[in-house]
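The block underneath contains the structure these notes are about, expressed in structure tokens.
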Amino acid sequence: MNNQTLLLGQTFEAHANPMTLPWGDAVSVNATGAVLIDDRKILRVGSAAALREEHPAARVVDYGTHLICPGFVDAHVHYPQTAMIASWGKQLIDWLNSYTFPEEMRFEDPAYARAIAARYLDLALDHGTTTMCSYATIHPISVEAFFEQAAARGMRVVAGKTCMDRNAPADLCDTAQSAYDDSKSLLERWHGKGRAHYAITPRFSPTSTPEQLVALGALWAEHPECLMQTHLSEQLTEIDWVRRLYPQARDYLDTYEAHGLIGERAVFGHAIHLEPREIDRIAETGTALVHCPTSNSFIGSGLMDVAGLAARHIPLGLATDTGGGSSFSMLRTMAAAYEIAQLRGTALHPAQLIWLATAGSARSLHLHDHLGTLAAGYDADLTILDLASTPAIAQRSHEAETIWEAVFPTIMMGDDRAIADVWIAGNRRRS
Ligand SMILES: [Zn+2]
């Protein structure tokens, strides 16, 4: 039986990193493109005419002038914060204490964890996000619920139990030993099961004792195939706090480095206020950073130097940081990345913005052999963008003279109405 499907449309094709090469050398759009998929994978990417002729038995789905992109990859989210997104008026430490910790306590209840995991994943898919890297809560059940709900939707996801053994409410604290034991049993159960990937997840240095960071560093050394995710240099008051908690550390990064928590497969969210030594070590060790622009402005954190860090060849991902970020949409997140780069003197090109939300995020999560690019052999996770999804966008894109002029209004003004379709491992979500 022939399970091949041929998707026709404009295809976003990335051949290299447009943050380090001229974007026009790295990314192109084929206005009459096609993507041939089978049960789970992309088989070929090419021109519509050629692929139609060579695969006459394939079922055809014609998207017209819609843009066929790799599925969006959100490189840093907290799915348990779904129900408290857009909470008013606090900066990082007060925000955690006022909103985050009370909400995370509710994940002790397996039914609540499952309900929010399902709600979050459906919202993400509505916004064209097919893969994400999520923090859970300290409760192992919160990780199980997330992986189970993602598996039910066929999604490739990364997640891990958030570890905290100080400076958090007693009901949200584990210990160095239980963080090690729980993380170990979760990663042994889930990492590599179907499309699940495990990330060892200390929340951030202020909520872990050095003993807990030692334990998690040891676990990562035993399981270097897993990611290690945490937060770095988000707010200036946080950095002062870290300095008081770790008086021996050279800087914030050193609180992780001293415990074996940097390097390949380490992913740090935010990374706004970095010292020169920190940037050097991040670049030398292949550590990835994740830009969370809506969160960084919403919580009042600062302006990440995306262009400067990219020039150092540091792997960069893009993320909503749900629910510190104020949107589930990677389009809104691309728009915020554009605005923040403008405030730092750089105009990111739409090719760079979509690349960051797909191949860039996939690279930051070490999933770049699986997804993030339209090419043969990759997972058939696809997001189809309607470039005229609202009257305001349509009146602009209809006047466009180039594909990028047509794409940019959707990046800046688009929302879930721009998501015309989503494919997950070769399965169409809407029909
Ligand atoms: Zn975060």
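Quantities reported herein were computed from a predicted structural model and do not represent experimental measurements. In each ligand, atom 1 is the first atom listed, and ligand 1 is the first ligand listed.
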> Would you say the ring centroid of Tyr135 lies under 6.0 angstrom from that of Phe204?
Replying inline: no
>> Before we go on, tell me: are the rings of His270 and His291 under 6.0 Å apart, centre to centre?
In response: no
>> Taking the basic N atoms (NZ, or NE/NH1/NH2) and the acidic carboxylate oxygens, is any pair closer than 4.0 Å for Lys90 and Asp94?
In response: no
> Does the shortest distance from the Zn ion (ligand 1) to an N/O/S atom of His270 fall below 2.8 Å?
Replying inline: no
>> Can you tell me which N/O/S atom of His78 has the shortest distance to the Zn ion (ligand 1)?
In response: NE2
>> From the N, O or S atoms in Asp321, identify the one nearest to the Zn ion (ligand 1).
In response: OD1
>> Would you say the Zn ion (ligand 1) has Cys292 as a near neighbour, meaning an N/O/S atom of that residue under 2.8 Å away?
In response: no
> salt bridge (Lys or Arg N to Asp or Glu O under 4.0 Å) with Glu103: which residues, sequence neighbours excluded?
Replying inline: Arg106
> Which N/O/S atom belongs to His76 and is the closest one to the Zn ion (ligand 1)?
Replying inline: NE2
>> Restricting to side chain to side chain donor-acceptor pair (under 3.5 Å), what partner residues turn up for Arg344, sequence neighbours left out?
In response: none
